[in-house]
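Start at 1 with the first residue, then count along the sequence.
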Amino acid sequence: MRRVLPQAALSMLVACLVPALSPCVLAQAAQPSAATVMDALQKGRNEDAVHLADELLRVDPRSFKLWTLRAVGLERSSHGEEALASYQHALNIAPDYLPALEGAAQLNYKAQSANAIPQLRRIISAEPQNTTAHGMLGVLEYLQANYAAAAQDFAAAEDMLVSQPDALMAYAICLVHLNRTAEAIAHFQQLVAIQPQNIAARYDLALYQWRSTTSTDALATLQPLLDAQPADCRALRLAAAIHESNNETPQAIELLRAAMAADPRDAANYLDFATLAAAHGSFAVGSDIVSLGIKQLPNSGPLYMARGVLYGQNGDTEKAMADFERAHALDPANSMAASAEGIAQSQRHNHAAALENFKRQVREHPRDAFGHYLLAESLSWSPPDSKAGYGQSVTQAISEATKATQLDPHLVEAFDLLASLYLQDEQFDPAIRACRAALKLAPKDQQALYTLILALRKTNSKEELKGLVQTLTDLRKAEAIGNSAKTRYGQLVEDR
């Protein structure tokens, strides 16, 4: 999921911690040899305090209290890295010294560092009622997608969250992920009451009201976003889906047209219209609207794919195949959303690490078919920029996918990937064989049908193409109808 509040999380709750921290540090660090350092800090002479602490530490280098006071002076002088090192020095001497723990946790939290997590847990162990530490820990756990732990810590800091809207939002989303929807709705409502202009909170509240209660509540929640100038396109699309779920298609169409007018370059507006048109058999109207989208976004693979499906459902086989080819050329990896299982979204930002991980798994488990499949997908996902490197990567991916099919002749995903790789490498006959093997195992495999259509078109084997296009588009239509709009729109929280 794309993380919510990535920037706000860096400063959230720190305002609560700083006032509580400094008096604690100054009070607990008091000792005769440190009086001059404390006096300098209290008078705002932070650099002098650091110099005084340095002099005293030459005599008493094991004084964890002096190291902590020095860190406070450095932190107040905007020398965060040096301050953190000084806090850490204090903790090396006295691991449970609370002022140093709080100072180090605060700085690590500001840097969004996972190092703050064990420090915050040690603070909570010493002070179970420390709501600030619970809240900060909840944010960091949320950012790591540890929703159960984050929800527990947010609950311990719940009274404070009223003054921390970003944390309240994170808490509500954690509850969504834990399927505690009623509680999530209550927190979204609380957040909207605190911040009526918070678009994300209002949208999410409407979405989960629709899922869990009534569409009337959801539409009422969305209304301020629909009335805004300009209107919020995501809110318009969600309202359209709600109306369509109530069999109020004219209202849904009106809202989607409003979304297209508000932002003609948002592909999602046209894709939602295409889904609605397909569900009602209005293939020509749908393809005309998607064509308008393509004029605005001529390099959008998903729009060509959507229009190709509509053409196919309307019996325009040649136009459908042409759009499928264009979609594949624009976005070979995603035009049909082949197999999402191998490289998770969370791994794609660090492809090199994922690739090495899969290579290691194959070395350790050479007879694991799924491991070879994952390695093949990783190799195919982000090939090197050079033409030579690209070809080598595809060749290696084909080899690994082939091993996967040999080790497990029933692994449909591996045949799908192998077919796509052969097509990418312009080896059309092997691509066709791999597609047919996949379809023998799974006759409704849309990825295999799609690749087979593209490969047969390249080989001029057109006698069966019309039937294949019709089969594919029928499956796509059935899938669109079968997928609950509520489920489809549920992805929007994660995608924000």
Side-chain angles (χ1 to χ4, degrees), residues 301 305 308-309 312 317 320-321 324-325 327-329 331-344 358-359 361-362 365-381 383 390-479 482:
M305 173 58 67
V309 169
T317 305
M321 288 189 293
F324 291 160
E325 284 187 342
H328 182 75
D331 194 359
N334 293 319
S335 57
M336 196 63 177
S339 129
E341 205 164 359
I343 307 297
F358 292 133
K359 286 181 176 178
Q361 290 180 19
V362 166
H365 307 283
R367 302 293 299 172
D368 181 6
F370 199 71
H372 285 283
Y373 158 70
L374 292 176
L375 176 56
E377 187 179 330
S378 183
L379 286 163
S380 70
W381 176 251
Y390 175 83
Q392 182 181 11
S393 183
V394 171
T395 300
Q396 292 173 348
I398 288 173
S399 174
E400 293 298 331
T402 301
K403 287 179 185 176
T405 62
Q406 291 169 346
L407 289 167
D408 184 354
H410 296 92
L411 188 56
V412 176
E413 296 91 339
F415 284 106
D416 284 344
L417 178 60
L418 185 58
S420 296
L421 290 166
Y422 277 133
L423 179 66
Q424 188 177 331
D425 204 39
E426 298 185 354
Q427 298 186 52
F428 303 120
D429 288 336
I432 291 169
R433 289 194 294 272
C435 288
R436 296 197 190 284
L439 289 167
K440 186 175 181 180
L441 294 168
K444 294 183 179 182
D445 182 351
Q446 293 183 39
Q447 175 62 34
L449 280 167
Y450 174 66
T451 307
L452 181 58
I453 288 168
L454 296 176
L456 287 172
R457 189 166 168 81
K458 293 294 184 181
T459 60
N460 294 317
S461 302
K462 296 183 179 180
E463 59 275 6
E464 64 176 310
L465 279 174
K466 185 174 181 179
L468 289 172
V469 170
Q470 189 61 52
T471 300
L472 176 61
T473 54
D474 286 347
L475 288 171
R476 296 282 284 188
K477 179 181 178 181
E479 180 181 65

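A distance of 12.5 Å separates OG in Ser420 from CG in Asp425, rounded to the nearest 0.5 Å. From Leu449, atom CG reaches atom NZ of Lys444 across 11.5 Å, with rounding to the nearest 0.5 Å. The line from CD of Glu464 to OG1 of Thr471 is 10.0 Å long, rounded to the nearest 0.5 Å. Taking CD of Gln361 as the start and CZ of Phe370 as the end, the distance is 10.0 Å to the nearest 0.5 Å. To the nearest 0.5 Å, atom CD of residue Gln424 and atom CG of residue Leu417 are 9.0 Å apart. One finds the NE2 atom of His372 at 8.0 Å from the CG atom of Leu375 (value rounded to the nearest 0.5 Å).
Partner of Cys435 under the side-chain contact (heavy atoms from CB on, under 4.5 Å) criterion, chosen from Leu418, Leu456, Leu452: Leu452.
With sequence neighbours left out, Ala397 forms a side-chain contact (heavy atoms from CB on, under 4.5 Å) with Leu379, Ser380, Leu421. Residues meeting the side-chain contact (heavy atoms from CB on, under 4.5 Å) test with Asp429, sequence neighbours left out: Ile432, Arg433, Thr459.
With hydrogens and angles left out, the side-chain atoms of Thr402 and Gln406 include no donor and acceptor closer than 3.5 Å.
With Thr451 contributing its side chain and Gln447 its backbone, the two residues share a donor-acceptor pair below 3.5 Å.
Contact annotation: the side chain of Glu325 approaches that of Lys458 to within less than 4.5 Å [non-hydrogen atoms, C-beta and beyond]. The closest side-chain heavy-atom distance from Leu472 to Phe324 is below 4.5 Å. Here the side chains of Lys403 and Glu400 are in contact, with some heavy-atom distance below 4.5 Å. At a threshold of 4.5 Å between non-hydrogen side-chain atoms, the residues Leu465 and Ile453 count as touching.
The two residues Pro409 and Phe415 make their nearest non-hydrogen contact at O-CE1, 3.3 Å. Taking all atoms of both residues into account, the shortest heavy-atom contact from Val412 to Asp445 is CG1-OD2, 3.3 Å. When every heavy atom of Ala320 is checked against every heavy atom of Gly308, the shortest pair comes out as CB-O, 3.3 Å. Taking both residues in full, the closest heavy atoms of Thr405 and Ala414 are given as CG2-CB, 3.7 Å, listed atom of the first, atom of the second, then distance.
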